[in-house]
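Taking it in order: structure first as structure tokens, then the write-up.
What you are looking at is a predicted structure, and each value in this text was computed from that prediction instead of being measured.
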Amino acid sequence: MAKRKAPIKKSVTADTTPPAPQEASRSPKLPGGPLALAADATISGMRDELDAAQASVAERLQDGTLILKLDPEQIDDAVGSDRQQELGTDDEFLALRSDIEARGQTQPIRVRPARADWRPDAAGRAHPEDGFLLQSGRRRLAVCRLLGRKVIAIVSSVSAGDERRADLVERFAENTIRANLTAFERYLSIGQIASEMPDATQAVIAELLRVQRPEVSIGRSVWDMRDDLLTYSDGAVRTMPMVKIRGLVSEVKEWVSAGRPDRSEQPKVPRSLAKSEPREYRPQGAVSAVTAQRKGEKMMLEFDAGAGEEEIAEAIRLFLEDHFGN
């Protein structure tokens, strides 16, 4: 029986070279894959949120509703005050300081950027080196500076070339709302704004400030003759009611036309013959007022013909309470 030959075995050399590292161990690069799509969606969402946030900040700046917390030293009071009394010397200022110290600042001031091209950062904040100009809120700013606190401020949007007028109008509006300007301060403020608008009519200025047209005319005269009014009245114009100032303006115009003669040599009317001093009754926040003055046995009440019925009625009520003590 024939024997079978055993199959010849071929020797195989073992490959000891380590396998190449797989692609999975590297950073994934899957163009068009699920991870890439997810990453693109995340980045796109972040960009949309950033764009929306920047648009919101820009919109608030444009609308004048952007609120910042600023160091008082970043704010320059270039316009100044329309008050005759020195800042920080009255009881109202001291009361405001006590209130802010106890409860914090509850009412923002109003500022505008010192640079016309200023923009906040993406989060709606200002940089420490950014400068601003005060429009209203001098007392609150002064208190925060004294207390070493940051001041809360609304940033106004003002058109180029209109900055000065906007500052004066804002200052007048705030003080009118508070209704604590004297008649002289009120006329000075109106006249100063009118002087910044030489081409504007009385009607335009009156509508802008929400005052009567005659106030614009008297305001212009008071602003132009402010030094003569103070000299002629020995400073008494500061506390006069509006109707008294209107009469004084006419007197001072005649005095100036006569070359400002020395009034010390002019005879004075005896006090017993003089009329009673007029007194003004103005409801809080109102534009118009009622002026009462006694003439012999009669009491004369005067008010602007264009004044609102409710304002006049409230002013007369104040007069009756004061006159009859009810």
Treating Ile, Leu, Val, Met, Phe, Trp and Tyr as nodes and any side-chain heavy-atom pair under 4.5 angstrom as an edge, say whether Leu94 and Leu146 lie in one connected cluster. yes
Arg186 with Glu215: basic N within carboxylate O range, under 4.0 Å: yes
Ignoring hydrogens and geometry, is there a side-chain-to-backbone donor-acceptor pair from Arg112 to Leu133 under 3.5 Å? no
Evaluation steps, side chain to side chain contact (heavy atoms under 4.5 Å, CB included), between Tyr232 and Glu251: CA-CA 9 Å; Tyr232 185 88; Glu251 290 182 28; 3.1 Å; yes
Got a salt bridge between Glu101 and Arg149, using NZ or NE/NH1/NH2 to carboxylate O under 4.0 Å? no
Validation row: Val151, Lys69 side chains within 4.5 angstrom (heavy atoms): no
Grab the two heavy atoms, one from Gln107 and one from Gln105, that are nearest each other, plus how far apart they are. O-NE2, 3.0 Å
When rounded to the nearest 0.5 angstrom, what distance separates CD in Gln135 from CD1 in Ile75? 11.0 Å
Any donor and acceptor pair, going by atom type alone, linking the side chain of Ser217 with main-chain N or O of Pro214 inside 3.5 Å? no
For the residue pair Ser136 / Arg110, report whether a side-chain donor-acceptor contact shorter than 3.5 Å exists. no
Please determine if Asp71 and Lys150 form a salt bridge, counting it only when a charged side-chain N lies under 4.0 Å from a carboxylate O. no
Quickly, which of Thr182, Leu229, Leu230 forms a side chain to side chain contact (heavy atoms under 4.5 Å, CB included) with Arg238? Name it, please. Leu230
Can you tell me how far the OG1 atom of Thr106 sits from the CG atom of Asp99, to the nearest 0.5 Å? 6.0 Å
Answer whether the closest heavy-atom distance between the side chains of Phe132 and Asp76 falls below 4.5 Å. no
From the list Thr231, Val222, Leu248, side chain to side chain contact (heavy atoms under 4.5 Å, CB included) with Val237 holds only for Leu248
Any luck finding a side-chain donor-acceptor pair between Asp130 and Trp118 under 3.5 Å? yes
Should Phe93 and Leu147 be regarded as members of a common hydrophobic cluster, given that ILVMFWY residues are connected when their side-chain heavy atoms come within less than 4.5 Å of each other, either directly or indirectly? yes
Side chains of Gln192 and Leu188, heavy atoms from C-beta outward: is any pair under 4.5 Å? no
For atom CD of Glu207, decide whether the heavy atoms of other residues, nucleotides or ligands shown that lie under 6.0 angstrom number more than 12. no
In this structure, CD1 of Ile205 is separated from OG of Ser195 (nearest 0.5 Å) by 9.0 Å
Nearest atoms (heavy-atom pairs only) where Arg145 meets Pro72: NH2-O, 2.9 Å
So, is the end of the Arg220 side chain (NZ or CZ) under 6.0 Å from the ring centre of Trp223 and within 45° of the ring's axis? no
Please check if any side-chain donor atom of Tyr187 sits under 3.5 Å from a side-chain acceptor atom of Arg246, or the reverse. yes
Using the rule that two of Ile, Leu, Val, Met, Phe, Trp, Tyr join whenever any of their side-chain heavy atoms come within less than 4.5 Å, decide whether Val256 and Ile245 are in one cluster. yes
After noting the C-alpha distance and the side-chain angles of Leu66 and Ile154, does the key distance pass the side chain to side chain contact (heavy atoms under 4.5 Å, CB included) rule? CA-CA 6 Å; Leu66 180 65; Ile154 297 176; over 6 Å; no
Could you tell me which non-hydrogen atom of Ala183 sits nearest to which non-hydrogen atom of Pro241, and how far apart they are? CB-C, 3.9 Å
Nearest-0.5 Å distance, CD1 of residue Ile218 to CE of residue Met242: 9.0 Å
Straight-line distance of Arg317 CZ to Ile312 CD1, nearest 0.5 Å: 13.5 Å
Measure the shortest side-chain to side-chain distance between Asp228 and Arg260 over non-hydrogen atoms and say whether it is less than 4.5 angstrom. yes
Show the numbers, then the answer: is there a side chain to side chain contact (heavy atoms under 4.5 Å, CB included) between Val243 and Glu280? CA-CA 8 Å; Val243 65; Glu280 189 176 84; over 6 Å; no
For Ala153 and Val111, the nearest pair of non-hydrogen atoms, with its separation, is CB-CG2, 4.0 Å
Can you tell me if Gln202 uses its side chain to pair, donor with acceptor, with the backbone of Val216 under 3.5 Å? no
Backbone N/O of His127 and side chain of Gln74: donor-acceptor pair under 3.5 Å: yes
Please test Val155 against Leu68 for side chain to side chain contact (heavy atoms under 4.5 Å, CB included), starting from the C-alpha separation and ending with a verdict. CA-CA 7 Å; Val155 182; Leu68 301 176; 3.5 Å; yes
Once you round to the nearest 0.5 Å, how far does CZ of Arg139 lie from CD1 of Ile109? 14.5 Å
